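Here the structure comes first, spelled out in structure tokens, and everything after it is commentary.
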Amino acid sequence: MLRAAPTEIGADAMLTTRASGAGRVSYVATVPNPELSRSIARWLVPATAAGTWAATETVTVTTGSRAGAPGLAFVSNWSAHEGTVTTPSAVRDLETREVVAAGTTLTLAPRAAHVYELVDADAS
């Protein structure tokens, strides 16, 4: 539990959480800054699909999926320099249609963005 500095409303909790039945109730009584926002998000979702991609610091991976459709990965290099990302599974580059094997390290050009579709290891 985080406590606020004493103010006219006291030094009460600004973020608290408690187990309730099979779940948890959490209350955030503040507008979090970027650091606290990231911390809360990592606590809420400690293991993400994007986290299985190994990427250099300037590369972000955002994943999405829906029932009955293959998952997608949006990979962006935000730097003026090359970046790299390593695929956790086989993927298809939606621009070139090339299938890349799991564990392949891809080089991304400066400011590049790619969309990959997750595929079966046997896909061609």
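Counting begins at 1 with the first residue of the sequence. Computed from a prediction, not measured in an experiment: that's the story for all the values here. For the numbers below, each heavy atom of this structure counts, side chains included, while hydrogens, waters and symmetry mates do not.
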In V91, T60, V59, the residue satisfying side-chain contact (heavy atoms from CB on, under 4.5 Å) with W53 is V91

Exercise: identify the closest heavy-atom pair between A55 and V85
CB-CG2, 4.0 Å

Flag if over 12 foreign heavy atoms under 6.0 Å of CZ, R66:
no

How would you list all residue pairs meeting side chain to side chain donor-acceptor pair (under 3.5 Å) that involve residues 32-43, not counting sequence neighbours?
none

Which heavy atom in T17 sits nearest to a heavy atom in S26, and how many Å separate them?
OG1-OG, 2.7 Å

Can you tell me how far apart CG (L108) and OG1 (T84) are? Round to the nearest 0.5 Å.
7.5 Å

Distance-only check: which donor-acceptor pairs under 3.5 Å involve side-chain atoms of residues 99-107, not counting sequence neighbours?
unit_1, atom_1, unit_2, atom_2, d
T104, OG1, A101, O, 2.7
T105, OG1, T86, OG1, 2.9

Say whether V25 and V28 are linked into one hydrophobic cluster, either directly or through other cluster members, by side-chain heavy-atom distances under 4.5 angstrom.
no

Rounded to the nearest 0.5 Å, how far apart are NE2 of H81 and OG1 of T56?
11.5 Å

Side-chain donor-acceptor pairs of residues 109-119 under 3.5 Å, sequence neighbours excluded:
unit_1, atom_1, unit_2, atom_2, d
R111, NH1, W78, O, 2.2
E117, OE1, R92, NH1, 2.8

